[in-house]
Amino acid sequence: MPRLTLIVPAYNVQGYVRECLDSVLQQDFTDFEVVAVDDCSPDGSGAILDEYAERDPRVRVLHLTENVGLGHARNAGMELATGDYLLFLDSDDTLTPGSLSGIAGRLDATDDPDILVHDYARSFWDGRLLPNRRADLLGGAEPAVFPLSERPALLDLPQVVWNKAYRRDFVEAHGFRFPSGSYEDVPWTYTALVTAESIALLDRICVLHRQRREGGKTLGAVSRKHFDVFDQYERVFTYLDEHPEFESWRPALFRRMVDHYLTVLEKPGHLPKNARSEFFHRAAADYNRRLPEGFERPGGARGYKYAMLGRDSYPALTGVTRANQVRTRARARNTRHVGRAKRAAMRMIYQSQLRLPLDENLAVFSAYWGRGYACNPAAIDAELARLAPHIRRVWTVRAEHVSRMPKGVEVAVVGSREYWTALARGTYFINNVNFADSLIKREGQIHLQTHHGTPLKTMGLDQADYPASTNMDMADLLRRCDRWDYSITSNRHSTTVWERVYPCSYTSLETGYPRNDVLINAGAEEVARARRELGAADGSKVFLYTPTHREYQKEFSPRIDLAKLAEELGPDVTLLVRGHYFYKPTGKLAELQASGRVIDVSAHPCVEELYLAADAMITDYSSAMFDYANLDRPIVIFADDWETYKVVRGSYFDLMAEPPGAVATSQAQLTDILRSDEWRSEESAVLRAAFRKRFCDFDDGRAAERIVRTVFLNEEDVLPVVPLAARKPAPSPAQALELVERV
């Protein structure tokens, strides 16, 4: 029987639950079990729980067949608990290091009290930690164990369960269970506290309670769910009615009830405007029905609000808060001043077009900050033309890149009349980066964020831990991300990272990357044509070198001596070199092309064609490896500066421990790998297979079609993903040559 049981319900937390479980399993105290409850979560949370259970026998997973809500999920977890004490941990929260040792030690020192109350802090998305404002209640507890009557101020702590440990036989003896609905902690917390004969305190922060920027918690948005609070206090007072021995707590709990009702009523972002008066009148009814005999109202403005509830006078209450509202509006005006300054700089045409209705058949595309027709947006554009030709497609492009656009593609130059009109009137917005801050998202507009890679290096909020990698204002970044309605991913790894580092209220579409469809669907002729257009001789080997951007490298200077490598590999090898798009052309690569065996393809308009043409890829930390892996062709990692790179930029996994193929840390080693068969060895294939299993989840050749049918055509029956083992990627260059010659 373990000392502690941690019950962790999970629902739509795939971006957070790993961090939660890691914080538990990495504790120095080990005498515990975790009962993880998958509350029929529609995302990958259940699979993540199973993954941890396979690795650690202390984790047990219960998969519910229907979504029952947080309270009943906890109840289900309690049925499986075997520990002396129950702890309830929300699956997006974390334990602080050493917290379980502290809890267990305090339980031992206080002879197993009914309840142990510990401290916590609120953890915000921007890195702030906000301590418990009533942490003073947890200090200086003498005696060490006491009933609530000796420390009644503990009722002023937030009515939550995750800052306490409950002795399991105490819970079972009194039949405590969580009810349905929101605010389910209210009846549990109050009834347990007044019932407990022995309470102990631990003046230590044990839980970091995550405050998601987008809400995320059940009550983080405007909703009528806040009306559930009435049912929960009904349960509290019913318990008092059934247990006259606790009658003395009625005034204190009445005060907590009224304060709670007023908080819900007054706090912005809780109740819909048209429900506020209804909530007030229900609160007033509870006030008058439950008012204890001889109850003394608090003084000051708070007491006046109590009186207004007693009179059921909603207009009077709103008058009391008018002064606060005036101050709030003043602060809002200062905020709006910044917005007005930005809008004043916009062209008048944009302002006038914003007053016109949306064009329901207008889709606005962009890629790489207006650099041209590329990546996932281009693949969606092509599929949209096939499946929904009635939708007009306009690409926003910077003037210097217009010449790169294919013929027949409608272009709106950034800053032009056509550009502002498209931004004002379009219904669909598709981009692999964020649109400009000047775009005002209108009601009815749909933003589709396609991304442009799988994250190995840290992204979004995680970059804040690596200040050398970015000078981005994270609040500004997330305001841009707030416009997303959909976020596309090509694998579950990406889904969990995006949802955590871009914590906004969008829907993740696990469709695969549209740009990778061609890697599955291309035939021998397409592969052969890609080779011919690059001038690669039949039968030669083509290696594509795709290094990534480095914050500590101001211009693209290949870390490989390409001329020497080409010479050592011999005349039958062609090196394609593609610099990262962040770097401007320097002319250095042009000097290497004289031999014809080193070709600068940095400006090639379609990287997917380069993938088709290459026999193998050489890369360092570029996300190109994740896309190329769909072809099931060899990948070689050249990582001469891995230690520096991971310190400056950070990474989500150790590429040296989990590479997609052979690894070289010096040019001499790279040359040996490429001159031998090591680059395409059986060992390399085994590494690639594991890599593909992890990162090629959804790229089965039908990603673009899934997106068009889901987002643009509103079809509900999503095309099933073809299993990885059943996919047949485009033929290799050697296979393509053989097939073409047969024809």
Exercise. N12: what forms a side chain to side chain contact (heavy atoms under 4.5 Å, CB included) with it, not counting sequence neighbours?
Worked result: S41, P42, D43
Problem set entry | Min side-chain heavy-atom separation L208-T96 under 4.5 Å | yes
For this session: Indicate yes or no: does E79 engage R177 in a salt bridge with an N to O separation below 4.0 Å.
Result: yes
For this session: Give every residue pair that meets the salt bridge (Lys or Arg N to Asp or Glu O under 4.0 Å) criterion with at least one member in residues 188-202, sequence neighbours excluded.
Result: none
For this session: Indicate yes or no: does R500 engage D462 in a salt bridge with an N to O separation below 4.0 Å.
Result: yes
Exercise. Would you call Q27 and L95 a side-chain contact if the rule is heavy atoms closer than 4.5 Å?
Worked result: yes
Problem set entry | Beyond-backbone contact of W162 with L89, side-chain heavy atoms, under 4.5 angstrom | no
For this session: Please assess R74 against D90 for the test salt bridge (charged side-chain N to carboxylate O under 4.0 Å, His left out), listing each intermediate value before the final yes or no.
Result: CA-CA 10 Å; R74 287 171 175 164; D90 287 358; 3.3 Å; yes
For this session: Kindly assign one of parallel, tilted or perpendicular to the pair Y314 and F280, based on the angle between their ring planes and the thresholds 30° and 60°.
Result: tilted
Exercise. Below 4.0 angstrom, N of the basic side chain to O of the carboxylate: do R289 and D286 qualify?
Worked result: yes
For this session: Using side chain to side chain contact (heavy atoms under 4.5 Å, CB included) as the criterion, list what pairs up with E247, not counting sequence neighbours.
Result: R250
For this session: Assess whether atom CG of D717 is packed by more than 12 heavy atoms of other residues, nucleotides or ligands within 6.0 Å.
Result: no
For this session: Flag the pair R224 and E278 as a salt bridge only when some basic side-chain nitrogen lies within less than 4.0 angstrom of an acidic carboxylate oxygen.
Result: yes
Exercise. Any side-chain heavy atom of L100 within less than 4.5 Å of one from L6?
Worked result: yes
Seminar exercise, completed: So salt bridge (Lys or Arg N to Asp or Glu O under 4.0 Å) across residues 59-73, not counting sequence neighbours, yields E33-R60
For this session: Assess R128 against F124: is NZ or CZ under 6.0 Å from the centre of the six-membered ring, and within 45 degrees of the ring's axis?
Result: yes
Exercise. Going through the distances and angles, do D259 and R302 end up as a salt bridge (charged side-chain N to carboxylate O under 4.0 Å, His left out)?
Worked result: CA-CA 9 Å; D259 287 346; R302 199 71 175 170; 3.5 Å; yes
Problem set entry | Ring-face cation contact, F653 with R694, 6.0 Å cut, 45° max | yes
Problem set entry | All side-chain hydrogen bond (donor to acceptor under 3.5 Å, both in side chains) counterparts of W249, not counting sequence neighbours | none
Exercise. Does R702 pair with D700 as a salt bridge, N-O distance under 4.0 Å?
Worked result: no
Exercise. Under the 6.0 Å and 45° cation-pi test, does R297 pair with Y306?
Worked result: no
Problem set entry | Trace of the salt bridge (charged side-chain N to carboxylate O under 4.0 Å, His left out) decision for R210 with D93 | CA-CA 5 Å; R210 188 185 300 272; D93 293 348; 5.5 Å; no
Exercise. Would the F230 and F279 ring centres measure less than 6.0 Å apart?
Worked result: yes
Exercise. In terms of side-chain geometry, is the basic nitrogen of R235 or E184 positioned less than 4.0 Å from the acidic oxygen of its partner?
Worked result: no
Exercise. Can you name the residues that form a side chain to side chain contact (heavy atoms under 4.5 Å, CB included) with H260, not counting sequence neighbours?
Worked result: Q159, Y183, V186, V229, Y233, V264
Exercise. Between D119 and R134, is the closest basic N to carboxylate O distance under 4.0 Å?
Worked result: no
For this session: State plainly whether the residues K164 and D185 are in salt-bridge range, i.e. N to O under 4.0 Å.
Result: no
For this session: Go through the side-chain N and O atoms of N491 and S494 and say whether any donor and acceptor fall under 3.5 Å apart.
Result: yes
For this session: May I ask you to check whether W484 and Y502 place their ring centres under 6.0 Å from each other?
Result: yes
Problem set entry | Note, I707 side chain near Y486 side chain (heavy atom, < 4.5 Å) | no
For this session: Classify the side-chain pair S508/E499 by whether it contains a donor and acceptor separated by less than 3.5 Å.
Result: yes
Exercise. So, do P503 and Y16 sit near enough that their side-chain heavy atoms are less than 4.5 Å apart?
Worked result: yes
Problem set entry | salt bridge (charged side-chain N to carboxylate O under 4.0 Å, His left out), paired with D112, selected from R168, R167, R3 | R3
Exercise. Less than 4.0 Å between a side-chain N and a carboxylate O, is that true for R133 and D156?
Worked result: no
For this session: Could you check whether the rings of H270 and H226 sit parallel, tilted or perpendicular, using 30° and 60° as the cut-offs?
Result: parallel
